[in-house]
Amino acid sequence: MEIQPKKIDQSQINRVVWKACDTFRGVIDPSQYKDYVLTMLFLKYVSDVYKAKYTEYLQRYEGDRERAARSMRHERFVVPETSSFDYLYQHRTADNIGELIDMALADIEDANREKMSSEDGSSIFRNISFNSANLGEPKEKNARLKNLLTDFSELTLDESHLENNDIIGDAYMYLVSTFASESGKKAGEFFTPAEVSTLLARLTKSKPGARICDPACGSGSLLIKAGKEVGSNNFSLYGQEVNGSTWALAMMNMFLHGFDNAVIRWGDTLRNPKLKEDDRLMKFDTVVANPPFSLDKWGADEAAHDPYNRFWRGIPPKSKGDWAFISHMIEVAREGSGKVGVVIPHGVLFRGASEGKIRQQVIDENLLEAVIGLPANLFFGTGIPAAIAIFNKGKATDHVLFIDASREYESGKNQNRLRPQDIDHIVAVYRQFTAGQLEPGVVEERYAFVATSADIRENDYNLNIPRYVDTFEEEAEVDIPAVQREIDALEKELTQVQAQMNDYLKELGIQIK
């Protein structure tokens with residue numbers, strides 16, 4: 001009888017990776033823990049999968065190492081012997097263990113250069129060094145790295161030991177989101193809260209075979225959610241990220257979730273879009289993003305001469321790149337059917353000047369499908385409320401759905417969050433709208449309204465949600481006689497208390513003037 005390996009669940013992995021963070025506490029900034037811990041998680045994962053596959057081939061070929069090695073060349077990753085986690089663990093007490101880990105990572109990159117490097121020559125471990133002086137004096141650093149290797153030795157991460165294939169990727173998400181909440185504003189640059197990603201993925205739900213893109217993909221969480229929403233593996237993921245360290249996180253995130261064929265490019269999407277075919281911008285069925293809010297110095301001076309003519313509707317202000325991202329996303333959405341979902345600050349909905357002209361043009365082209373106001377304090381590093389704008393190049397009507405979801409959320413100590421029922425409510429109303437089941441006018445009091453193009457023109461193309469969704473709540477009518485009776489009773493009670501106080505003071509011999 002074959003003994004089944006003991007399965008590892010999500011909580012066990014989360015516990016180990018969290019424990020591994022203790023190695024670095026007080027030595028480096030908390031925002032950097034994830035870089036070291038997630039790199040080690042990735043190394044452990046690829047090592048264990050490689051070892052399990054090699055063992056499987058050895059059994060199949062009755063111990064023939066040469067045949068097994070030949071078969072291993074076609075596996076997901078090649079792991080040189082001195083790059084394996086087991087090798088590093090065996091040498092965990094070595095005086096140069098930091099150097100050995102760095103060499104192991106470099107050798108893995110060399111052995112998998114096609115996968116682990118960008119077309120620009122950058123590699124996913126470029127910004128990480130386990131031999132850095134930042135980790136302390138040599139003796140202290142060696143002790144920390146030994147502890148780190150020991151912590152991860154508790155886990156066996158080949159697929160036979162895992163409850164499901166996403167468990168590693170979800171541990172990655174757990175760590176990134178945990179340190180996003182601790183890191184504050186900086187974290188918003190690389191991570192979109194899980195509930196917001198889920199909402200945006202459901203609103204832009206892609207069909208099988210879809211090309212899905214996030215032009216400001218951060219660590220890739222939103223892109224992965226959008227892919228999973230398809231409901232099968234028949235989709236392809238594309239992304240671009242300007243920050244090199246965050247690009248590396250996105251690459252590892254894709255591998256850990258099993259999306260080895262995802263194309264994630266490193267570079268500035270607005271100045272230098274990298275996702276191209278035959279020197280033209282690649283087109284996508286779904287484009288989603290949570291770009292940086294009101295990005296300053298985004299490249300307005302170069303936009304007038306953009307070789308791809310993305311900003312033909314107008315050039316946004318130098319200090320606010322919101323409409324620059326939206327313009328790019330609309331341009332790369334497939335003609336006749338492409339859908340765009342983007343998280344925006346509310347200013348995008350009503351600011352004038354060049355932004356107002358771009359907004360008018362987009363509305364006149366009948367591209368805007370929905371505007372959804374979100375609760376305040378959902379995002380890392382900013383308490384301001386945001387909204388989601390949905391654009392659709394295959395709209396059936398010229399109506400626009402407005403939803404004010406700002407009052408439906410769970411309040412948190414540091415951050416608010418959308419509950420499943422809040423997300424379901426938004427998605428249900430949106431799907432009724434896209435199915436043509438909602439007439440213009442009020443859909444739900446103080447929650448949803450369907451506007452016609454005439455309504456929006458009457459509002460001078462201002463999309464501020466309160467102009468469409470009436471959130472005014474009448475105050476309860478004041479009962480004047482009852483209030484007067486209450487005042488009279490209080491005054492009578494006050495007179496009695498003052499008289500009693502005077503009696504007490506007389507007893508104490510205190511003269512009252």
Side-chain angles (χ1 to χ4, degrees), residues 192-193 195-205 225-226 229 286 288 290 326 339-350 359-360 362-379 384-411 416-475:
T192 302
E195 297 79 20
V196 178
S197 293
T198 297
L199 172 60
L200 198 47
R202 289 181 63 184
L203 290 170
T204 57
K205 183 177 173 65
K225 283 273 179 71
E229 198 59 36
T286 309
V288 291
N290 174 20
I326 296 170
K339 188 166 275 196
V340 170
V342 57
V343 180
I344 55 171
H346 278 266
V348 168
L349 303 174
F350 57 78
R359 186 169 60 247
Q360 178 175 339
V362 167
I363 293 167
D364 284 343
E365 288 176 63
N366 195 28
L367 295 175
L368 179 66
E369 185 168 65
V371 176
I372 299 152
L374 300 176
N377 203 29
L378 287 182
F379 295 87
I384 65 168
I388 288 175
I390 305 291
F391 302 90
N392 187 349
K393 285 191 169 178
K395 273 183 73 180
T397 72
D398 64 352
H399 300 158
V400 177
L401 173 67
F402 288 85
I403 294 177
D404 183 350
S406 63
R407 294 179 302 281
E408 297 188 355
Y409 62 92
E410 178 180 273
S411 183
N416 298 327
R417 61 183 288 271
L418 293 171
R419 300 164 298 185
Q421 63 264 37
D422 304 328
I423 295 172
D424 289 344
H425 191 185
I426 294 168
V427 173
V429 173
Y430 173 74
R431 288 191 178 155
Q432 282 180 288
F433 172 70
T434 55
Q437 296 169 2
L438 302 180
E439 295 296 322
V442 176
V443 174
E444 284 186 37
E445 290 286 344
R446 293 190 287 278
Y447 187 79
F449 182 90
V450 172
T452 63
S453 55
D455 292 331
I456 294 174
R457 283 196 299 274
E458 282 174 21
N459 277 307
D460 295 324
Y461 296 90
N462 187 319
L463 302 175
N464 206 11
I465 297 170
R467 286 184 175 238
Y468 304 91
V469 180
D470 184 2
T471 58
F472 177 75
E473 294 188 36
E474 287 188 11
E475 293 183 17

Glu410/Arg419 salt bridge by N-O under 4.0 Å criterion
no
Any side-chain heavy atom of [X] sitting closer than 4.5 Å to one from [Y]?
X: Tyr409; Y: Asn377; value: no
X: Lys339; Y: Ile390; value: yes
X: Phe449; Y: Asp455; value: yes
X: Val400; Y: Leu463; value: no

Can you establish whether the number of heavy atoms outside Glu439 located under 6.0 Å from its atom CD is more than 12?
no
Report, as yes or no, whether the 6.0 Å neighbourhood of atom CD on Glu365 holds more than 12 heavy atoms from other residues, nucleotides or ligands.
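Yes, because the 6.0 Å sphere around CD of Glu365 holds more than 12 heavy atoms from other groups.
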Sequence neighbours left out, what passes side-chain contact (heavy atoms from CB on, under 4.5 Å) with Gln437? Give chain and number order.
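Gln437: side-chain contact (heavy atoms from CB on, under 4.5 Å) contacts with Gln432, Ala435.
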Set of side-chain contact (heavy atoms from CB on, under 4.5 Å) partners for Val427, sequence neighbours left out
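Only Leu199, Arg202, Leu203, Ile423, Arg431 meet the side-chain contact (heavy atoms from CB on, under 4.5 Å) criterion with Val427.
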Can you name the residues that form a ring pair (Phe, Tyr, Trp, His ring centres under 6.0 Å) with Tyr447, not counting sequence neighbours?
His425
Partners meeting ring pair (Phe, Tyr, Trp, His ring centres under 6.0 Å) with Tyr468 (sequence neighbours left out):
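For Tyr468 the ring pair (Phe, Tyr, Trp, His ring centres under 6.0 Å) partners, ignoring immediate neighbours, are Phe402.
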Which residue, Asn464, Val371, Asp404, forms the side-chain contact (heavy atoms from CB on, under 4.5 Å) with Val469?
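When side-chain contact (heavy atoms from CB on, under 4.5 Å) is applied between Val469 and each of Asn464, Val371, Asp404, only Asp404 qualifies.
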Start with the C-alpha distance between Phe379 and Val343, add both sets of side-chain angles, then the distance that settles side-chain contact (heavy atoms from CB on, under 4.5 Å), and finish with yes or no.
CA-CA 11 Å; Phe379 295 87; Val343 180; 3.6 Å; yes
Got a sec, which pairs hit salt bridge (Lys or Arg N to Asp or Glu O under 4.0 Å) with one end in residues 341-350, sequence neighbours left out?
none
State, to 0.1 Å, how close His346 and Pro385 come at their nearest heavy-atom pair, and which atoms those are.
CD2-O, 3.2 Å
I need the full list of side chain to side chain donor-acceptor pair (under 3.5 Å) pairs touching residues 391-403, with sequence neighbours left out, sorted by first then second residue.
Glu335-Lys393, Asn366-Lys395, Glu369-Asn392, Asp398-Ser453
